[in-house]
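Here is the structure we will look at.
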Amino acid sequence: MTEESTDQATPGSQETVPEQSPLALVSGKPVVDLPKDLYIPPDALAVFLEAFEGPLDLLLYLIRRQNMNILDIDVSEITRQYMDYIGAVEAMRFELAAEYLVMAATLAEIKSRMLLPSRESDDDEEVDPRAELIRRLQQYERFKQAAEDIDALPRLERDTFAVSAALPDMPSSQPHPDVDLREMLLALQGVLRRADLFTSHHVERERLSTRERMSAILSALQGDHFATFESLFTVEEGRLGVVVTFLATLELVKEQLIEVVQAEVLGPIHVRARAVS
Amino acid sequence: MNEEHLLRIQAIAEAALLAAGKPLSLDQLRELFSEQERPARQVMEHVMVLLENACEGRGFELKKVASGYRLQVRQAYAPWVGRLFEDKPQRYSRALLETLALIAYRQPVTRGEIEDIRGVTVSSNIIRTLLEREWVRVVGHRDVPGRPAMYATTRQFLDYFNMTGLDQMPPLSEVRDLEEIGREIEKNIQAEIEFESPAAENDDESPGQTLH
Amino acid sequence: MNEEHLLRIQAIAEAALLAAGKPLSLDQLRELFSEQERPARQVMEHVMVLLENACEGRGFELKKVASGYRLQVRQAYAPWVGRLFEDKPQRYSRALLETLALIAYRQPVTRGEIEDIRGVTVSSNIIRTLLEREWVRVVGHRDVPGRPAMYATTRQFLDYFNMTGLDQMPPLSEVRDLEEIGREIEKNIQAEIEFESPAAENDDESPGQTLH
């Protein structure tokens with residue numbers, strides 16, 4: 001609905017109110033009122049219907065157009081107008097939402113009840129048949145207004161924009177993932193199963209402490225230098241430690257990772273890594 | 001806490017808000033600092049006031065919204081900034097806004113309840129759009145046949161519309177029930193009569209009587 | 001051109017640069033204004049100098065880059081701002097855990113030997129990650145063509161897993177019994193993955209794997 005007011009009242013129409021907004025714009029021309037002969041350009045009616053959010057919205061529009069108070073609706077007048085529109089729509093064979101027909105029936109019922117003389121005029125229990133309709137119209141009108149209020153709130157992407165600035169070089173501070181030992185073992189189990197190593201591979205038999213010591217010896221031997229054999233041992237580790245170191249040394253020799261040199265019989269033994277890093 | 005120190009916290013907060021490009025809560029801002037240098041909540045709140053003042057006269061402002069503090073373009077400059085973007089700001093249909101209004105003011109509310117008030121069916125598209133925009137979410141199901149979903153608004157809704165809470169929504173206009181209106185009309189008539197009475201009438205009623 | 005007018009252009013330019021989130025050229029900034037109010041190039045250049053000065057002491061600064069001007073968080077505040085982007089720690093890939101386990105049980109061991117057992121190549125990323133974490137180190141080079149590095153676990157590795165020595169690792173024969181707990185862990189991990197599903201993965205050579 002545009003706010004544009006117009007004087008293009010259709011001749012012959014009796015309920016034209018002086019200042020009213022057009023029902024629809026067809027090819028730029030406002031269609032103000034539905035002529036009595038129901039000749040309406042079909043496009044206009046379609047646009048007209050789409051402009052409303054349902055029967056309550058249409059009723060509110062009709063009430064406004066008649067400058068009626070929502071609390072004091074002239075039911076027969078509103079019903080007549082409502083039916084005119086509905087009739088026009090049906091005549092044009094537009095599909096009409098069921099809600100509009102339900103409202104038509106409701107209006108007709110209210111109208112008929114209002115025509116009946118009330119049985120006892122002083123009866124307090126007598127309820128205005130319009131009451132329920134008025135209640136619904138009021139309720140709807142509140143939220144129609146609320147929707148407009150929400151639309152008027154300042155909002156992102158229209159009235160304001162979130163701002164951001166580019167980042168400078170950032171220190172990489174990726175935290176390390178946590179690992180559960182069992183998780184690692186589970187992974188290992190997977191490999192072993194895949195490689196079918198449970199039965200055949202020698203991985204299983206080796207003492208881990210020996211392999212650990214092998215790594216320790218190798219890293220102690222980093223660089224192209226000889227170390228004395230004795231320096232590989234730590235007395236404080238006791239007999240078991242000596243044995244582990246000895247086994248590790250043997251394994252390293254076997255795997256050709258270190259070389260052992262003795263210049264003379266009973267002379268000092270020296271070791272060094274074979275491939276110098 | 002000297003001024004230099006506060007200015008530094010203010011600059012870091014500003015830098016972080018600009019880097020984030022979205023609201024940060026007071027605690028999120030405080031957590032940027034290591035434990036030893038972390039400002040107390042009150043200090044941080046004070047710093048936010050300082051920052052807000054420091055943005056005066058600039059292109060952006062500090063705004064408190066539901067999720068925290070946000071730096072945003074001053075509304076006065078939105079028309080110029082808007083030209084940066086090809087797309088015109090999206091307009092929302094009345095049907096969508098009415099549905100949103102009902103969810104905002106009546107939450108938690110089912111689709112059926114919305115339809116009762118609007119008098120028309122609410123299209124699934126509208127609900128989907130609202131959910132996708134994360135303005136509303138399902139907060140439960142009503143314990144009636146069909147167990148319909150109940151909708152409520154989200155923090156993102158508040159953020160988007162520049163609010164810190166639902167209490168900042170424009171007040172819903174009052175519905176005056178018929179009885180109340182009846183009483184009002186009666187009162188008005190009463191007042192009118194009272195106003196007219198001393199002038200026009202001079203019948204023999206006792207002057208003390210105020211009720212007519 | 002009075003000062004007030006310049007300040008206004010400056011504020012609009014600032015707002016636009018912050019809203020754009022990318023560099024804007026002098027002309028792009030000028031085009032935000034309608035033809036009647038569009039500042040001359042020289043004026044706009046002057047405004048940028050003003051803006052640059054106005055950013056002193058703040059969390060951000062004006063930078064001139066190839067494609068124009070950009071507002072950028074000050075480098076000095078990167079350590080604080082960086083905490084915003086600290087990702088939740090990701091999970092290690094299964095490939096990485098397998099490699100780590102093989103280094104632990106088979107040390108000193110070369111990449112080729114690990115590949116022999118795993119039956120697939122070991123990506124350089126995995127080795128790098130393990131070295132960076134200081135869980136493994138190079139303890140020498142095998143005296144074969146290519147002189148491949150031999151890897152072994154470190155003290156940090158033992159510390160992390162609360163062991164005083166590798167002999168505290170369960171013997172391989174027991175690894176088999178892990179199947180029971182294994183299934184349980186896998187279930188938990190699966191659930192976690194599903195929960196944080198878009199977790200990035202960059203060091204796993206087999207994309208079909210679901211475990212990270």
Side-chain angles (χ1 to χ4, degrees), chain A residues 1 49-60 69-73 96-100 102-103 106 124 127-128 130-168 170 173, chain B residues 14-15 17-23 59-61 63 70-75 77-78 81-82 84-85 87-102 104-106 114-121 159-163 168-178 181 185:
Chain A
M1 285 290 117
L49 259 192
E50 275 168 20
F52 292 102
E53 291 297 328
L56 291 171
D57 199 22
L58 173 56
L59 274 181
L60 274 181
N69 185 332
I70 194 173
L71 299 171
D72 194 22
I73 303 171
L96 194 64
E99 294 98 350
Y100 284 91
V102 172
M103 179 58 73
T106 308
D124 286 339
V127 183
D128 187 335
R130 299 172 305 172
E132 171 62 13
L133 179 65
I134 289 171
R135 192 194 60 78
R136 290 188 65 196
L137 282 168
Q138 281 181 311
Q139 196 67 269
Y140 173 70
E141 196 182 29
R142 293 171 83 199
F143 288 100
K144 189 180 158 169
Q145 181 60 45
E148 283 169 27
D149 291 345
I150 286 179
D151 200 27
L153 287 172
R155 64 174 187 239
L156 282 181
E157 294 164 335
R158 187 187 70 185
D159 308 301
T160 183
F161 301 86
V163 298
S164 62
L167 297 178
M170 285 296 192
S173 54
Chain B
E14 181 175 58
L17 287 168
L18 286 174
K22 59 173 192 187
F60 61 103
E61 62 184 344
K63 182 84 191 174
R70 179 172 68 201
L71 289 174
Q72 62 184 41
V73 168
R74 265 180 207 286
Q75 207 171 327
Y77 301 130
V81 173
L84 279 177
F85 310 105
D87 301 331
K88 288 222 183 87
Q90 192 173 351
R91 296 197 56 191
Y92 294 98
S93 67
R94 270 179 59 199
L96 182 137
L97 289 166
E98 285 179 14
T99 306
L100 180 60
L102 275 157
Y105 286 98
R106 276 293 168 85
I114 298 169
E115 290 173 345
D116 281 347
I117 295 181
R118 291 194 59 230
V120 279
T121 26
D159 288 348
Y160 195 86
F161 288 95
N162 276 280
M163 293 181 282
Q168 293 192 337
M169 295 273 296
L172 194 55
S173 57
E174 296 275 315
V175 157
R176 302 174 303 162
D177 62 68
L178 282 176
I181 289 157
I185 294 173

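Model, not experiment: these values are computed from the prediction. Below, chains carry the letters A, B, ... as their sequence lines are ordered, and counting in each starts from 1. What's counted below: heavy atoms across the whole structure, side chains too, no hydrogens, waters or symmetry copies.
- B:K63 meets the side chain to side chain contact (heavy atoms under 4.5 Å, CB included) test with B:V65, B:Q72, B:N162; sequence neighbours excluded.
- For A:I150, the parts lying near chain B are the backbone and the side chain together; criterion is any non-hydrogen pair under 4.5 Å.
- B:F85 touches chain A through its side chain: at least one heavy atom from C-beta onward sits under 4.5 Å away, while N, CA, C and O do not.
- Looking only at heavy-atom pairs under 4.5 Å with chain B, the residue among A:P154, A:A146, A:G54 that has the most is A:P154.
- A salt bridge is defined here as a Lys NZ or Arg NE, NH1 or NH2 lying under 4.0 Å from an Asp or Glu carboxylate O, and A:R158 with A:D151 meets this definition.
- Within the 4.5 angstrom heavy-atom criterion, only backbone atoms of B:D116 (N, CA, C, O) approach chain A.
- Of the charged side-chain nitrogens involved, at least one lies within less than 4.0 Å of a carboxylate oxygen, so that B:R118 and A:E53 count as a salt-bridged pair.
- Looking at A:E157 and B:Y160, their side chains do bring a donor and an acceptor atom within 3.5 Å of each other.
- In this structure, a donor-acceptor pair under 3.5 Å is absent between the side chains of A:Q139 and A:R136.
- Contact annotation for B:R70: only side-chain heavy atoms (C-beta onward) come within less than 4.5 Å of a heavy atom of chain A.
- Options A:P168, A:A152, A:A166, A:A165 differ in how many heavy-atom pairs under 4.5 Å they form with chain B, and the most are formed by A:A165.
- Heavy atoms of B:T121 lying under 4.5 Å from chain A belong to its backbone as well as its side chain.
- When atom types are taken as modelled, the side chain of B:T99 and the backbone of B:A95 share a donor-acceptor pair closer than 3.5 angstrom.
- Contact tally against chain A (heavy-atom pairs below 4.5 Å) for B:K88, B:R94, B:E61: the top residue is B:R94.
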